Amino acid sequence: MKPEVIQGGMGVGVSNWRLAREVSLAGQLGVVAGTAVATLLVRRLQQGDRGGHMRRALSQFPDPEVSGHVLERYFVEGGKSADQSFLLSPLYTVEPNLDLQRLTVLAGFTEVYLAKEGHSGVVGINLLEKLQLSNLAVLYGAMLAGVDYVLMGAGIPREIPGVLDRIARHEAASLKVALAPHSASADVHTEF
């Protein structure tokens, strides 16, 4: 049965795993926002991961070395003090480092895993075509967690269907990066 309601994939952390889970439990399509999920994960861990939800999802990630590294780097037992600054996740470039890609895969996995945990309802992830640099890693993590739908906004995602097919086969994937008009490098790709 197809859902009658598709929950909007609103902004950074607005459409989080809790909201998507509740919508999915009601028999509709719950959608997590995929924008800045790595930042959300590292902040939640530094705030002490109240309820242990992030750590529970991380324990289910297929590569315990990756999840262990992220926990070691970002988790703060009991949460950081109010006067401490957050340790930030690195920023994306066209050629992100491996640690950032792994963190982003893990974050996409975590958000979808928690939204789907313990029920058979459907969950989607929403990404923005215009924020391209992290999309491949987020999609891979979401697919590892069994995401049911991928929704894209803020552009025309022409390459995404082929990317999803390649990711599903665990093959290398790339996306053309839109650069400012009249840029010297008109054919730049981000790869995963």
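What you are looking at is a predicted structure, and each value in this text was computed from that prediction instead of being measured. Atoms considered below: every heavy atom in the structure, side chains included; atoms not considered: hydrogens, waters and symmetry mates.
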Would you give the length of the straight line joining atom [atom1] of [X] to atom [atom2] of [Y], rounded to the nearest 0.5 angstrom?
X      : Y      : atom1 : atom2 : value
Trp17  : Glu22  : CH2   : CD    : 9.0 Å
Gln46  : Ser81  : CD    : OG    : 11.0 Å
Leu164 : Arg169 : CG    : CZ    : 10.5 Å
Leu175 : Ile160 : CG    : CD1   : 5.0 Å
Arg44  : Phe75  : CZ    : CZ    : 14.5 Å
Phe86  : Arg43  : CZ    : CZ    : 4.5 Å

(message) Please determine whether residues Val122 and Val112 belong to a single hydrophobic cluster, defined as Ile, Leu, Val, Met, Phe, Trp and Tyr linked transitively by side-chain heavy-atom distances below 4.5 Å.
(response) no
In the structure I gave you, are the side-chain heavy atoms of [X] and [Y] within less than 4.5 Å of one another anywhere?
X      : Y      : value
Leu45  : Leu58  : yes
Leu114 : Arg21  : no
Asn97  : Gln101 : no
Arg73  : Val42  : no
Lys176 : Gln132 : no
Thr93  : Leu133 : no
Glu111 : Asn16  : yes
Gln28  : Glu4   : yes

(request) Go through the side-chain N and O atoms of Thr104 and Tyr92 and say whether any donor and acceptor fall under 3.5 Å apart. (result) yes
(request) Would you indicate whether Ile6, at its atom CD1, is surrounded by more than 12 heavy atoms from other residues, nucleotides or ligands within a distance under 6.0 Å? (result)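 Open: at most 12 neighbouring heavy atoms sit under 6.0 Å from CD1 of Ile6.
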(request) Answer yes or no: are there more than 12 heavy-atom neighbours, outside Gln84 itself, under 6.0 Å from its atom CD? (result)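 Atom CD in Gln84 is crowded, with more than 12 foreign heavy atoms closer than 6.0 Å.
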(request) Evaluate the side-chain contact (heavy atoms from CB on, under 4.5 Å) criterion for residues Asp165 and Glu171: first the C-alpha distance (whole Å), next the side-chain angles of each, then the deciding distance (0.1 Å), finally the verdict. (result) CA-CA 9 Å; Asp165 289 341; Glu171 296 174 357; over 6 Å; no
(request) Heavy atoms only: give me the nearest Leu100-Pro90 pair and the separation to one decimal. (result) CD1-O, 3.6 Å
(message) So which atom in Leu136 and which in Ala173 form the shortest heavy-atom distance, rounded to 0.1 Å?
(response)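 Nearest heavy atoms, Leu136 then Ala173: CD1-O, 3.7 Å.
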Show me the donor-acceptor pairs within less than 3.5 Å that the side chains of residues 31-40 make with the rest of the protein, sequence neighbours left out.
| from | atom 1 | to | atom 2 | distance (Å) |
| --- | --- | --- | --- | --- |
| Thr39 | OG1 | Ser89 | OG | 3.4 |

(request) Could you check Arg56 against Glu117 for side-chain contact (heavy atoms from CB on, under 4.5 Å), going step by step and ending with a plain yes or no? (result) CA-CA 10 Å; Arg56 187 173 67 252; Glu117 185 180 35; 2.8 Å; yes
(message) Go through it in stages, so that I can follow the logic: the residues are Leu106 and Ser67, the test is side-chain contact (heavy atoms from CB on, under 4.5 Å), and I'd like the CA-CA distance, side-chain angles, deciding distance and then a yes or no.
(response) CA-CA 7 Å; Leu106 191 59; Ser67 55; 4.1 Å; yes
(request) Among Ile, Leu, Val, Met, Phe, Trp and Tyr joined by side-chain contacts under 4.5 Å, find the other residues sharing a cluster with Leu91 and list them by chain and number. (result) none
(request) Would you check, one step at a time, whether the test side-chain contact (heavy atoms from CB on, under 4.5 Å) holds for Tyr74 with Leu87? (result) CA-CA 7 Å; Tyr74 295 106; Leu87 179 61; 3.8 Å; yes
(request) Kindly assign one of parallel, tilted or perpendicular to the pair Phe61 and Phe109, based on the angle between their ring planes and the thresholds 30° and 60°. (result) perpendicular
Show me the donor-acceptor pairs within less than 3.5 Å that the side chains of residues 148-156 make with the rest of the protein, sequence neighbours left out.
| from | atom 1 | to | atom 2 | distance (Å) |
| --- | --- | --- | --- | --- |
| Asp148 | OD2 | Lys116 | NZ | 2.7 |
| Asp148 | OD2 | Val123 | N | 2.9 |

